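Structure record follows, encoded as structure tokens.
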Amino acid sequence: MNWETVIGLEVHVQVNTNTKAFCGCSTAFGAEPNTQTCPVCLGMPGQLPVLNMEVARKSVLTGLAINATINLESKFDRKNYFYPDLPKGYQISQFPLPIVEHGYLDIPVADGEKRIGITRIHIEEDAGKSMHEGLDGVSHIDLNRSGVPLMEIVSEPDMRSADEAVAYLKQLHQLVRFLDVSGADMEKGQFRCDANVSVRRFGEALGTRAELKNLNSFRFIKQAIDYEVARQIELIEDGGQVVQETRLFDSAKGESRSMRSKEEAHDYRYFPEPDLPPLRISQEEVDGIRAGMPELPGQLRERFESEFGLSSYDADVLSQTLDLAGWYESLVAAHPSDPKRCANWMANELLGRLKEQGKDIADSPVSAQDLAGLLDRIADNTISGKIAKDVLDAMMATGESADAVIESKGLKQVSDSGAIDTLILQIMADNPGQLEQFRAGKDKLFGFFVGQVMKASKGQANPGMVNQRLQDLLKG
Amino acid sequence: MDIDVHKVAMLSRIRLTDDEAAHLGPQLSNILGYIEQLSEVNTEGVVPTAHPHDVAMPQRVDAVTNANRRDALQAVAPNTESGLYVVPKVIE
């Protein structure tokens, strides 16, 4: 039987503001518990929320980047449920009239691109954090996160595989980082995903969906969706029925379990938030936000290809994050003669070495200026590309400049024709048999002599000159 | 209009006896029935009211204004430990 998977995603993105959505408390990560709270985010009676306009601005910017409709008037609603990390007993959210609607994101798929619809982006506030582990009969609550601004980005059920879901999430993750609307650090819970998954036989109506929660890495998202699809297909093929439920993915076990207690709680009894008037934004403000739109990932990739002549692969690698792109542009500024050489050395040599050390470009012990210094020495034939790799290893280890390493290790390339001739004549004298065969017409032996000379020079002879001098001297 | 009083009570975390539920059920139904009359009004062309007062959203600048007042704020909490609120265990 042929099954089709249908996936829609809800992503909670923490907006990277200094203060919470509705009060002047700090959002800084990692503070002592409950030190960033006030009567508003603690849900004390009689307190009034006041919207942080930076949250609205960043939501509009995100909406424009996904080609969505910006609702010049949107409103806030209360989503009611009981949980101790939600002190007011309701979450301020946007229900019927969100700030952003009807956008899309194009994601890369095997045979090109696929357009994934984005139903809406609404502004809401985060809940606090509950801790249960190692506690007997009690839970501990930290409300520092209570009231932190979120954008909930809701997709259409347009994805047909776990791979498409991951591609969409990666694209969205990259976008919010480029827009600087979120740090999107998944380990800090700044980019969280819930997946609505159902299966159907091809051509049939949508099946009943299960909602998967707690998907906090790209790897777990794929695992959780694959697990859920297999579970639903097996259930139906065995004559059972999928029930609409919330399931919690356990990444340690690689399986999910039903959160039965959530069933009843799904009745959120939304009603308009009386404490906040409608949010009105003028078209002029929207135009102003659009004018400040930074370069987006796709535009950057295309510019790297057209301006610097990079391969689409290198352009893609170097435009993954703003840090990478900025580093590459600094490198090109310091070594402007050959942007492609810059890309090769950064993408292949530097990033490879950083990856082995588990480091990001921001932690690179070699600066863009220093790498440019190394590329300058290749360009002026002071060292060969092969020796340069050893020099880079030493630079990574010591943090020294290329010139300092070349000097201290005596790696300067030999381009002095007299010195190269001396080496060649010695090799000829040491290998009379091969020399005789070469002169008798065995041309293949030319490579043997090149190898011997390079070896005798410890790789420091200028390969171009070695070739040229060998051509002359071997003929005798 | 019939409503499930027990369900509404559960969602609101209000404990009702069967007697109370029997008493409140018809009252709630009556209230909803009264409000139901609104659906008879022709609202074509009327803009939905998002808020009774036509006021502009106050705008707050994104700058931290609240200092740490944990001790004062937690003074009213029934139980705290190491700066954390302590509540009955809530995990399933």
Side-chain angles (χ1 to χ4, degrees), chain A residues 17-20 22-28 31-40 42 44 48 50-56 73 75 80-85 89 96-97 128 130-132 135-143 259-261 264-265 267 269 272-274 276-280, chain B residues 1-16 28 31-32 35-36 38 43 46-92:
Chain A
T17 51
N18 300 317
T19 61
K20 295 187 178 180
F22 301 109
C23 61
C25 289
S26 170
T27 56
E32 283 291 303
N34 293 306
T35 54
Q36 293 171 172
T37 63
C38 74
V40 173
L42 292 178
M44 300 283 189
L48 284 175
V50 186
L51 180 67
N52 179 350
M53 288 311 286
E54 191 64 4
V55 179
E73 180 167 324
K75 66 190 248 336
N80 300 280
Y81 65 93
F82 277 96
Y83 209 74
D85 61 18
L97 198 55
S130 320
M131 282 148 281
H132 316 286
L135 299 170
D136 190 20
V138 296
S139 296
H140 283 172
I141 310 289
D142 176 6
L143 295 172
M259 295 173 75
R260 292 215 168 71
S261 66
E264 296 282 0
D267 191 345
R269 294 151 293 140
E273 166 58 277
L276 289 165
L279 171 58
R280 296 197 182 101
Chain B
M1 181 184 283
D2 271 347
I3 58 169
D4 181 343
V5 185
H6 284 292
K7 186 179 180 201
V8 174
M10 197 277 299
L11 289 171
S12 311
R13 299 297 188 277
I14 295 170
R15 188 175 314 192
L16 291 185
L28 286 173
I31 292 168
L32 290 179
I35 293 169
E36 191 84 326
L38 284 173
T43 54
V46 179
V47 180
T49 304
H51 197 274
H53 303 298
D54 187 23
V55 291
M57 171 78 84
Q59 306 204 348
R60 191 169 60 75
V61 178
D62 184 28
V64 176
T65 51
N66 293 339
N68 172 20
R69 290 165 57 207
R70 185 173 75 184
D71 290 345
L73 292 166
Q74 287 196 332
V76 295
N79 193 3
T80 61
E81 190 184 317
S82 312
L84 291 153
Y85 293 94
V86 180
V87 301
K89 196 176 181 72
V90 284
I91 200 166
E92 311 167 42

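Small disclaimer: the values here were computed from a predicted structure and weren't measured. Reminder, nothing fancy here: chain letters follow the sequence lines and each chain counts from 1.
Of all heavy-atom pairs between B/Lys89 and A/His132, the closest is NZ-O, 3.9 Å. Between A/Pro33 and B/Leu84, the closest heavy-atom pair is CB-CD2, 3.6 Å.
Heavy atoms of B/Ala72 lying under 4.5 Å from chain A are absent altogether. Using a 4.5 Å cut-off between heavy atoms, A/Pro274 contacts chain B through its backbone alone, with no side-chain atom that close. Heavy atoms closer than 4.5 Å to chain B are found in the side chain of A/Leu143, but not in its backbone. With a 4.5 Å cut-off on non-hydrogen atoms, B/Thr80 does not touch chain A at all.
Of the possible donor and acceptor atoms, none in the side chain of B/Arg70 sits under 3.5 Å from a partner among the backbone N and O of A/Thr37. For the pair A/Asn34 (side chain) and B/Gly83 (backbone), a donor-acceptor distance under 3.5 Å is present. Within the 3.5 Å criterion, the main-chain N or O of A/Asn18 finds a donor-acceptor partner in the side chain of B/Asp62.
Dense packing is recorded around CZ of A/Arg280, with more than 12 heavy atoms of other residues, nucleotides or ligands lying under 6.0 Å away.
Here the CD-CZ distance, from A/Gln36 to B/Arg69, works out to 14.5 Å after rounding to the nearest 0.5 Å. The distance from the SG atom of A/Cys38 to the CG atom of B/Leu73 is 8.0 Å, given to the nearest 0.5 Å. Expressed to the nearest 0.5 Å, how far CE of B/Met57 lies from CD of A/Glu73 amounts to 10.0 Å.
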Evaluate the side-chain contact (heavy atoms from CB on, under 4.5 Å) criterion for residues A/Asp267 and B/Lys7: first the C-alpha distance (whole Å), next the side-chain angles of each, then the deciding distance (0.1 Å), finally the verdict.
CA-CA 10 Å; A/Asp267 191 345; B/Lys7 186 179 180 201; 3.5 Å; yes
* To do: Begin from the C-alpha positions of A/Met44 and B/Val76 and carry the test side-chain contact (heavy atoms from CB on, under 4.5 Å) through to its verdict.
  => CA-CA 11 Å; A/Met44 300 283 189; B/Val76 295; 4.2 Å; yes
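By number of non-hydrogen pairs under 4.5 angstrom with chain B, the leading residue of A/Leu279, A/Leu51, A/Asp142 is A/Leu51.
Residues A/Pro277 and B/Pro58 meet the side-chain proximity criterion, which asks for heavy atoms closer than 4.5 Å. With a 4.5 Å cut-off on side-chain heavy atoms, A/Glu32 and B/Asn68 do not count as touching. A/Thr19 has its side chain within reach of B/Arg60: a pair of non-hydrogen atoms, C-beta onward, lies under 4.5 Å apart.
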